[in-house]
Amino acid sequence: MSLTKEKMLEAYATMKKIRLFEEKVAGLFAEGKLPGFVHLYAGEEAIATGVCAHLSERDYITSTHRGHGHCIAKGVDINSMMAEVYGKATGACKGKGGSMHIADVDKGMLGANGIVGAGGPLACGSGLMAKTLGTDQVTVCFFGDGAAEQGTMHEAMNLACCWILPVVFVCENNGYAESTPWGYHCAAKNIADRGVAYDMPGVTVDGTDFFAIYETAEEAIGRARRGEGPSLIECRGFRYYGHFEGDAMLYVTEEEKKRNRARDPIENFKKRATERGLLSEEQIAELDSKVAAIIEEAFKFAEKSAWPENKEVLTDVYVNYP
Amino acid sequence: MSLTKEKMLEAYATMKKIRLFEEKVAGLFAEGKLPGFVHLYAGEEAIATGVCAHLSERDYITSTHRGHGHCIAKGVDINSMMAEVYGKATGACKGKGGSMHIADVDKGMLGANGIVGAGGPLACGSGLMAKTLGTDQVTVCFFGDGAAEQGTMHEAMNLACCWILPVVFVCENNGYAESTPWGYHCAAKNIADRGVAYDMPGVTVDGTDFFAIYETAEEAIGRARRGEGPSLIECRGFRYYGHFEGDAMLYVTEEEKKRNRARDPIENFKKRATERGLLSEEQIAELDSKVAAIIEEAFKFAEKSAWPENKEVLTDVYVNYP
Amino acid sequence: MAARTITFREAINEAMRLEMRRDPTVILFGEDVAGGATLPHMEGENKEAWGGVLGVRTGLAPEFGRNRVLDTPISESAFIGAAVGAASTGLRPIAELMFIDFLGVCFDQIFNQGAKLRYMFGGKAQVPMVVRSMIGAGFRAAAQHSGCLYSIFTHIPGLKTVVPSTPYDAKGLLSAAIRDNDPVMFFEHKLLYDIEGEVPEDNYTIPLGEAEVKREGSDATIVTVGRMVHFSLEAAEKLANDGVNVEVVDLRSLSPMDGDTILDSVKKTHRLVVVDEDNPRCSLATDVIALVADQAFDYLDAPCKMITAPHTPVPFSPGLEDAYIPSVESIVSTVKSFTG
Amino acid sequence: MAARTITFREAINEAMRLEMRRDPTVILFGEDVAGGATLPHMEGENKEAWGGVLGVRTGLAPEFGRNRVLDTPISESAFIGAAVGAASTGLRPIAELMFIDFLGVCFDQIFNQGAKLRYMFGGKAQVPMVVRSMIGAGFRAAAQHSGCLYSIFTHIPGLKTVVPSTPYDAKGLLSAAIRDNDPVMFFEHKLLYDIEGEVPEDNYTIPLGEAEVKREGSDATIVTVGRMVHFSLEAAEKLANDGVNVEVVDLRSLSPMDGDTILDSVKKTHRLVVVDEDNPRCSLATDVIALVADQAFDYLDAPCKMITAPHTPVPFSPGLEDAYIPSVESIVSTVKSFTG
Ligand SMILES: Cc1ncc(C[n+]2csc(CCOP(=O)(O)OP(=O)(O)O)c2C)c(N)n1
Ligand SMILES: Cc1ncc(C[n+]2csc(CCOP(=O)(O)OP(=O)(O)O)c2C)c(N)n1
Ligand SMILES: [Mg+2]
Ligand SMILES: [Mg+2]
């Protein structure tokens with residue numbers, strides 16, 4: 001494993017950023033400050049972080065409605081993210097996209113997506129670009145357990161395998177699609193088993209274990225980068241918040257919630273890293289306060305930013321429309 | 001196996017009807033007598049016949065663009081089929097559907113279909129009907145190797161398994177989707193392997209071997225009828241004619257064509273049945289001439305039938321439209 | 001029939017409930033419609049964790065059980081297609097497409113299968129199904145959860161399209177849609193769920209294809225639908241204060257559309273404004289104008305006007321979204337421009 | 001520029017060929033576009049077994065190789081979405097949706113992804129892709145292979161829609177579409193493939209959004225598109241024999257649409273007929289009429305008429321299908337009804 005101390009610090013900071021960003025957003029939503037729907041990624045931090053640790057800015061990811069964590073892990077500017085969630089002119093999408101559409105193509109983030117399963121085909125596209133132009137760029141497609149049941153994901157996995165594209169499919173199996181449990185909506189025993197359906201490697205890992213994810217992703221992304229084709233990784237975990245904010249999560253039992261808390265990906269990372277002497281308590285405390293400051297700064301940035309002007313409704317539809 | 005002598009005679013007659021029907025259609029098409037596209041089933045007779053042998057009129061099938069064989073095996077009136085291929089008023093669909101849409105809901109034939117993969121969802125529907133009303137009706141969904149790559153088939157197989165519907169999925173893997181070979185457009189080693197993706201049984205059988213298909217289908221349909229859920233059967237075979245009539249089949253080598261001819265499903269059936277003394281040469285010859293007469297009669301029926309009146313353009317869009 | 005005040009949301013719920021009681025072949029399915037009822041710890045109790053994203057289906061799973069109220073995977077093609085298959089073999093399914101913006105993942109089963117099956121089969125089948133779906137902007141749900149899109153479905157032969165504007169209409173039209181023998185697309189504007197109105201307790205139907213004059217007037221005709229009915233009535237109120245009497249025609253059904261009521265109104269008022277939340281090109285608004293410009297041309301005293309959303313996706317930022325939606329002010333000023 | 005007579009089919013092929021030579025980021029994919037070139041026994045020779053269902057792509061796979069001309073599985077969502085993803089990261093893909101009637105299995109990737117991506121991203125991305133697709137009735141291909149459906153795409157903000165009627169226009173418009181930085185839906189009427197016309201050998205473009213007056217006249221304006229341009233010109237010829245001079249406007253692009261040319265023509269002739277092969281409701285025909293009934297109302301001397309397919313699916317039987325398609329006779333008699 002290629003996990004240097006520096007990488008570990010970075011990974012910790014990323015996970016913490018995601019967690020604090022989501023907690024801030026939850027709070028702001030409860031205060032009535034944020035419009036629309038927000039789907040929070042808290043609890044799943046190890047996945048985006050462990051996977052994106054192997055990607056550079058030139059690599060691509062496609063994302064989901066639950067996209068904040070992917071954005072942060074892929075390096076999208078946090079100020080611009082918070083402003084976008086507000087709908088401010090300084091947002092990543094000038095306030096036109098909102099939480100469900102945050103994107104930054106220059107950072108290789110091809111957009112959160114409001115359509116479940118839509119990222120699969122898009123990922124084939126950036127993969128095809130890399131293959132056609134002969135670059136070594138890799139695309140990672142994040143999708144949920146619910147999305148695994150969407151026809152687009154089947155088509156995308158098959159196409160990526162037929163065309164031998166540099167794409168890695170990462171299924172974030174958090175056990176639910178809205179209030180519908182995974183065991184009900186998915187007939188497979190493991191989503192990773194579906195690798196067989198496309199003759200690609202399929203692995204199930206603990207979605208709360210950063211180290212396991214990091215290692216599994218390293219292999220899959222390496223494979224893709226070497227032109228050996230796609231892989232499928234299923235990460236089993238949970239989400240701490242409801243499907244979207246406002247969901248009281250009546251469908252999750254108290255035991256289940258307790259069990260999840262005990263598997264907290266950030267706490268576990270901290271524990272393992274400090275117990276093994278890889279990181280010190282001080283280093284972590286220092287990062288914690290740095291990250292808290294970054295999130296607070298993003299909040300202030302968003303708050304004081306201006307709203308887009310009304311004429312913006314009509315712009316950016318086309319590059320050129322006579 | 002439940003294969004009585006009577007059933008075998010019936011099966012032979014069905015296969016022969018399909019073959020002669022398709023040969024007649026091919027000839028009429030070449031003569032310029034038939035409008036539009038026709039996709040012929042010759043070479044695949046053992047599949048529809050072996051599967052539908054286990055179905056009654058009350059059971060349902062969904063079909064494909066290559067639907068003549070399914071229609072005949074499910075008992076659709078051959079005169080009405082030939083008339084439909086012509087576009088005559090006496091056709092199964094009054095001439096409004098044509099070859100690609102022949103249907104007879106009363107016979108449990110839910111329509112040939114011009115959209116690849118569309119039958120999967122429809123099959124879930126008749127399956128759901130049976131389950132909701134507590135009947136023991138089974139639905140068989142026929143689909144091609146090309147259709148296996150369509151998202152609808154993935155969704156349908158997963159849904160049928162989640163809902164434990166009485167549906168059997170029969171993939172007719174004839175090696176090509178139009179001119180694109182199966183090995184290129186499908187990443188799986190075997191389409192039957194995709195059973196794993198839905199935790200249902202998946203079996204590959206020789207699509208030219210009536211007996212093997214009959215046996216495999218018996219088990220799957222029995223399972224469905226007992227409420228034990230869906231199965232997937234992949235039948236490996238070929239089609240004798242082009243994708244549609246007019247296709248010169250340049251993509252199939254002469255060796256491959258020769259190999260296929262040697263595997264003729266009807267010849268093989270005849271050989272095995274007579275060698276084992278199950279049917280006599282005389283019985284077969286008698287059936288041959290009976291079937292030839294049926295097809296000739298259908299041709300005459302279609303020829304002398306009237307065209308639909310122009311006002312028919314506007315009818316049958318709605319049951320009721322003020 | 002005893003009537004009482006209930007919300008639009010409750011009216012929809014009630015229509016489904018009463019029709020399901022009346023006819024055992026009516027079933028309901030879609031994502032989370034049983035609302036977590038499929039969870040192991042819910043089993044036996046037959047309770048539900050949520051009645052769908054906006055709570056429209058509360059109580060249906062407990063009353064009718066999990067055999068008639070079914071959760072689905074996120075497989076819209078499969079379950080909408082299942083509705084087509086079930087409808088053509090004896091059930092009367094109601095399938096819920098959560099947001100109409102998701103039509104892109106299941107459109108084939110609606111327009112090539114459901115809508116055309118009867119025609120392709122020469123009239124020898126029928127497809128009595130309803131697809132319920134949420135429409136409309138104003139919820140800050142951005143570009144992929146805020147469309148109207150009913151113009152697209154109205155374009156398609158073989159479909160019926162219904163867009164209720166009041167709780168009373170919602171219940172009566174949904175009951176009619178469920179009993180109808182053709183495939184019906186039933187559009188629910190998410191910003192109408194909370195509005196209240198008088199609704200009879202019993203079952204009743206409102207025939208598809210009948211518009212309603214929601215306000216009479218003589219100076220101009222506003223043809224509109226859905227949430228825009230309320231905006232138009234508000235505009236009419238303001239215009240009345242200025243002595244302009246506007247007639248407001250609520251189409252309710254777009255296909256079949258009640259052309260007579262539109263034409264009669266325009267023949268009386270001689271002026272037409274169409275107010276429509278859908279995008280403008282090849283739309284309901286242009287459809288109504290084309291009808292009038294052909295069949296009531298000689299009665300028209302002024303250009304036909306349409307007030308619609310712009311030719312853009314729906315923006316997220318609240319101010320932008322408000323600017324996207326047709327406004328009461330724009331209705332008032334358009335009417336004034338040719339009556340003043 | 002040397003010109004010679006070629007078919008519409010060859011013109012399309014030539015536009016792709018020349019654009020692919022000009023720009024290495026242009027690639028083409030779709031079902032069977034490499035035409036069996038992926039077969040083992042074809043390998044090395046770089047030949048092809050067929051150039052697509054109607055032979056439009058003959059020779060492209062041999063010239064550009066299998067890396068730039070790719071067969072796809074029957075997975076329209078995946079490969080149309082791949083076009084969106086590739087376009088937004090640096091390629092200029094041409095994706096072929098064999099028949100437009102298949103839009104139902106991939107519409108999301110077109111209208112929610114391709115069309116909206118730029119807007120949702122605040123203008124920080126572009127999607128220079130083309131979807132080519134066959135349209136039109138008359139081929140005896142029945143209800144699921146004969147639609148026009150361009151009205152639906154024209155309704156969608158973010159898309160451009162192009163419908164050429166001649167070989168010259170086909171080549172110039174397709175070249176322009178490939179060079180355009182927005183997603184373009186390019187519709188090819190299958191009954192036009194065999195028509196011939198003069199086409200320059202070199203590359204040239206025709207700007208999207210410019211209509212062409214294909215015939216000048218003063219008594220009435222026919223606005224039309226695609227195959228109906230030819231029907232309209234034939235009708236105009238007949239009408240001319242009876243002393244009626246009709247102006248025929250070929251829109252060529254539906255979005256953006258050249259409103260000025262329409263309005264100028266109607267202001268001159270005072271009468272409008274729209275001839276359109278698409279279904280009538282919420283359609284291109286109603287769209288053009290709504291434009292005129294608003295912006296040229298004072299110039300109109302007669303009701304605006306539309307001649308379209310009926311509100312039905314496309315029937316199979318040849319006689320029925322011919323009755324479905326707007327006829328030259330109906331154009332002639334409609335024009336006469338208000339000029340006579
Ligand atoms: C095509 C489509 N269908 C339905 C929805 C509504 N929806 C949004 S998120 C969601 C659940 C997604 O579940 P999963 O993929 O497991 O992701 P998670 O929310 O658990 O992260 C649903 C049904 C949608 N946005 N798009
Ligand atoms: C959704 C869709 N895409 C493409 C087509 C065009 N098409 C018709 S048949 C066919 C090939 C089907 O291959 P397969 O499923 O293997 O069936 P086969 O023709 O071999 O019986 C294609 C691509 C279609 N009808 N529908
Ligand atoms: Mg999930
Ligand atoms: Mg095949």
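Letters A, B, ... mirror the listed sequences (proteins, then strands); counts begin at 1.
- Only the backbone of D/L208 comes within contact range of chain A, judged by heavy atoms closer than 4.5 Å.
- For D/N181, the parts sitting under 4.5 Å from any heavy atom of chain A are the backbone and the side chain alike.
- Taking CD1 of D/I80 as the start and SG of A/C124 as the end, the distance is 13.0 Å to the nearest 0.5 Å.
- Looking at A/A130, there are no atoms closer than 4.5 Å to chain D (heavy atoms on both sides), in backbone or side chain.
- Contact annotation for A/T315: only backbone heavy atoms (N, CA, C, O) come within less than 4.5 Å of a heavy atom of chain D.
- Looking at D/F79, both its backbone and its side chain come within 4.5 Å of chain A, counting heavy atoms on both sides.
- One distance of note links CD1 of D/I74 with CD of A/E155; it measures 10.0 Å at 0.5 Å rounding.
- For the set D/K116, D/Q126, D/K124, D/R68, the count of heavy-atom pairs under 4.5 angstrom toward chain A peaks at D/K124.
- Comparing A/S126, A/P121, A/G108 by heavy-atom pairs within less than 4.5 Å of chain D, the highest count is held by A/P121.
- Proximity of a side-chain donor or acceptor of D/Y119 to a complementary backbone N or O of A/V317 within less than 3.5 Å is not detected.
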Begin with the C-alpha distance, continue with both residues' side-chain angles, and end with the deciding distance and a verdict on side-chain contact (heavy atoms from CB on, under 4.5 Å) for D/K160 and A/Y318.
CA-CA 9 Å; D/K160 292 175 175 170; A/Y318 296 93; 3.8 Å; yes
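- Interface summary for chain A: among D/P183, D/G158, D/G209, the most heavy-atom pairs under 4.5 angstrom belong to D/G158.
- Every pair passing side-chain hydrogen bond (donor to acceptor under 3.5 Å, both in side chains) that includes a residue from residues 76-91 of chain D is listed here, sequence neighbours excluded: B/Q150-D/E76.
- When side chains are defined from C-beta on, D/N112 does not count as touching A/N113, because their heavy atoms never get closer than 4.5 Å.
- The closest donor-acceptor contact from the side chain of D/D182 to the backbone of A/V319 lies under 3.5 Å.
- Of the two parts of A/V167, neither the backbone nor the side chain holds a non-hydrogen atom closer than 4.5 Å to a non-hydrogen atom of chain D.
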With side-chain contact (heavy atoms from CB on, under 4.5 Å) as the criterion, how do D/T72 and A/W163 come out once you've worked through the C-alpha distance, each side chain's angles and the decisive distance to 0.1 Å?
CA-CA 8 Å; D/T72 65; A/W163 281 353; 3.5 Å; yes
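- One side chain, A/Y321 or D/S255, offers a donor N or O that lies under 3.5 Å from an acceptor on the other.
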Criterion side-chain contact (heavy atoms from CB on, under 4.5 Å) on A/T132 and D/T25, from CA distance to verdict
CA-CA 8 Å; A/T132 304; D/T25 67; over 6 Å; no
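- The number of heavy atoms from other shown groups lying within 6.0 Å of CD (A/E228) is above 12.
- Heavy atoms closer than 4.5 Å to chain D are found in the side chain of A/L133, but not in its backbone.
- A donor-acceptor pair under 3.5 Å is absent between the side-chain atoms of D/Q113 and the main chain of A/L122, judged by distance alone.
- Interface check for chain A: of the options D/G123, D/A78, D/A83, the most heavy-atom pairs under 4.5 Å are formed by D/A78.
- The greatest number of non-hydrogen atom pairs below 4.5 Å with chain D, out of A/A156, A/A118, A/G127, is found for A/A118.
- Between chain D and the options A/T152, A/N320, A/V105, the largest number of non-hydrogen pairs under 4.5 Å is found for A/N320.
- For the set A/M129, A/E84, A/K94, A/Q137, the count of heavy-atom pairs under 4.5 angstrom toward chain D peaks at A/M129.
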Check the pair A/L128 / D/F29 against side-chain contact (heavy atoms from CB on, under 4.5 Å), numbers first and verdict last.
CA-CA 11 Å; A/L128 177 61; D/F29 49 83; 3.5 Å; yes
